[in-house]
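First comes the structure, then the notes that go with it.
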Amino acid sequence: MMKSGPDFIGIGAQKAGTTWLFDALNRLPEFSLPPIKELHYFDRNPGYISSNNLYESSPWKRIKQKGYLSKALRHIFYLFRQGKTSDAKFLARWYFGFYDDNWYLSLFDKLKGLRGEISPSYSILNREDIVKIHQLIPHVKLVFIVRNPIDRAWSHYRFAKGKRLKYGAVEDSIEEIRKFMDWEGQESRSDYKRTIENYASVFPKGQVLLGFHDAMIERPEELLGDILGFIAEGVELQPYQLEVGKVIHKSLSMQIPEEIRDYLKVKYRAQIEFLAEKYGGYFYGWYTETYTDEPPVFDTPPPVSFMV
């Protein structure tokens, strides 16, 4: 008999608040998430820009990869020494399991309550792999948090730049920054129109919730409340205290050059206009702030989330 697997999956977007969501849900007793935030099971095809060593189904092949075994053992024994036995056992299955659908579903077997994972790279999946998710876990609820693609792109660059600085990277030229903005790994994660249309074409309305990074900053309790109501529909939750203002995985602090901002404004105008016309709300706010240099004026506060 096929096991039920996760109740929910966070599908992105990267640098839009997914770690904030993971941290918030982990604090609630009704939720259980794996000790690894991003399982990357559905984007394990090496054709994806996010591919990693999960594309090798056999643990014997993965063990042959340079540094794989030592990294796995260090990670597992570290958790054992910390007294986190259940997490260590999870990692043993993670590192040394044979990757297939039953393995993926089994990762949630011993998790209690509402179970899920958050892998932002699922936002770049093609429709064929989204269909596979639906076939494997048709009941799963999906959460997609979006951020103005110009801000998301710049945060993505700053995050990547901060990692490279550890290896002695020097300052990039404007042309090199533009190349990053045109890199498939950046573009695909900022293409919300494609993500929304792909998922909405496979999952029925009511199973995909779109939330806003803007609301995470301005109205975090309301956004989390919407997400909890969506995932935990019919489940009575205990009172909780949201840790407001906590920044996780902060990107390198850098001012965006005007040349890059202007370039991104042109690059994303068509998408922002489309989303603003179709959905309004915070999308309309993006358009107004970006292309009219005036703050958006709302008769009532825009919804922090909606179904797609």
Side-chain angles (χ1 to χ4, degrees), residues 6-28 31 33 37-40 42-43 50 114 116-125 130 133 140-156 158-159 186-200 203 205-232 242-251 268 271-272 275-276 278-286 301-308:
D7 300 298
F8 68 93
I9 297 176
I11 61 171
Q14 185 191 38
K15 306 308 296 176
T18 59
T19 305
W20 170 85
L21 179 60
F22 182 83
D23 186 66
L25 296 180
N26 253 332
R27 295 171 181 271
L28 303 180
F31 283 78
L33 289 88
K37 175 197 167 201
E38 301 181 21
L39 298 185
H40 285 288
F42 296 105
D43 64 319
S50 59
L114 294 162
E117 65 138 321
I118 300 177
S119 292
S121 55
Y122 292 167
S123 67
I124 70 173
L125 294 180
I130 296 171
I133 297 177
V140 75
K141 293 185 176 181
L142 305 167
V143 179
F144 184 39
I145 302 177
V146 295
R147 180 180 187 178
N148 186 315
I150 295 172
D151 297 333
R152 197 220 71 81
W154 183 240
S155 180
H156 189 174
R158 289 186 291 120
F159 183 70
Q186 189 292 115
E187 287 186 328
S188 61
R189 287 172 168 84
S190 297
D191 193 350
Y192 307 144
K193 180 177 180 290
R194 175 183 179 275
T195 300
I196 292 169
E197 290 176 347
N198 278 347
Y199 276 92
F203 283 87
K205 191 167 186 176
Q207 278 189 249
V208 183
L209 182 75
L210 188 147
F212 292 90
H213 180 271
D214 313 63
M216 188 194 79
I217 302 301
E218 300 168 2
R219 299 144 69 192
E221 296 93 342
E222 190 176 346
L223 175 61
L224 183 60
D226 271 19
I227 293 172
L228 295 179
F230 170 66
I231 297 173
L242 177 62
E243 188 171 352
V244 179
K246 182 177 181 181
V247 178
I248 308 172
H249 292 175
K250 185 176 181 180
S251 299
Y268 288 111
Q271 179 182 186
I272 293 175
L275 294 171
K278 183 165 185 177
Y279 300 110
Y282 276 114
F283 289 129
Y284 165 77
W286 295 357
V304 298
S305 70
F306 61 88
M307 302 287 187
V308 296

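Numbers for residues simply follow the sequence, beginning at 1. These numbers come from the heavy atoms of this one structure, side chains and all, not from hydrogens, waters or symmetry mates. Please read these numbers as outputs of a predicted model, since none were measured by experiment.
Here the CG atom belonging to L224 is positioned 11.5 Å from the CE atom belonging to M216, to the nearest 0.5 angstrom. Here the CZ-CG distance, from R27 to L33, works out to 13.0 Å after rounding to the nearest 0.5 Å. Atom CG of L21 and atom CD1 of I227 lie 5.0 Å apart (nearest 0.5 Å). Distance check: W154 CH2 to R147 CZ gives 12.5 Å after rounding to the nearest 0.5 Å. In this structure, CG on L125 lies 9.0 Å from CG on N198, to the nearest 0.5 angstrom. Note that CD1 of I124 is 11.5 Å distant from CD1 of I11, once rounded to the nearest 0.5 Å.
For the residue pair S155 and K15, the shortest heavy atom distance occurs at OG-CE, 3.2 Å. The minimum heavy-atom distance linking I145 with G17 is given by the pair CD1-O, 4.2 Å.
Q207 contributes no side-chain N or O that, together with a main-chain N or O of L142, makes up a donor-acceptor pair within less than 3.5 Å. No donor-acceptor pair under 3.5 Å is formed between the side chain of S123 and the backbone N or O of A13. Judged by distance alone, with hydrogens and angles left aside, the side-chain atoms of S119 form a donor-acceptor pair with the main-chain N or O of L39 at under 3.5 Å. Looking at R219, its side chain never comes within 3.5 Å of a backbone N or O of P303 through a donor-acceptor pair.
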Report the C-alpha separation of Q14 and R152 in whole Å, then their side-chain angles, then the decisive distance to 0.1 Å, and conclude whether the side-chain contact (heavy atoms from CB on, under 4.5 Å) test is met. CA-CA 8 Å; Q14 185 191 38; R152 197 220 71 81; 3.7 Å; yes
Walk me through it: do L28 and L114 pass the test side-chain contact (heavy atoms from CB on, under 4.5 Å)? CA-CA 10 Å; L28 303 180; L114 294 162; over 6 Å; no
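Here the side chains of F31 and F22 are not in contact, with every heavy-atom distance at 4.5 Å or above. Proximity of L210 to Y282: side-chain heavy atoms (C-beta onward) are nowhere separated by under 4.5 Å. Counting heavy atoms from C-beta on, the side chains of T195 and V146 never come closer than 4.5 Å. Two residues are said to be in side-chain contact when any heavy atoms from C-beta on lie closer than 4.5 Å; K141 and L209 fail this criterion. Side-chain contact check for F212 versus P302: every heavy-atom pair is 4.5 Å or farther apart. Using a 4.5 Å cut-off on side-chain heavy atoms (C-beta onward), V208 and M307 make no contact. V304 places none of its side-chain heavy atoms less than 4.5 Å from the side chain of D214. At a threshold of 4.5 Å between non-hydrogen side-chain atoms, the residues P120 and E38 count as touching.
No close placement of the F230 and F8 rings is indicated, their centers lying 6.0 Å or farther apart. Centroid-to-centroid, the aromatic rings of F144 and Y122 stay 6.0 Å apart or farther.
Side-chain contact of W286 with D151: a donor-acceptor pair under 3.5 Å is absent, judged by distance alone.
Looking at residues two or more places apart in sequence or on another chain, you find a side chain to side chain contact (heavy atoms under 4.5 Å, CB included) between Q271 and D191, Y192, K193, Y268, L275.
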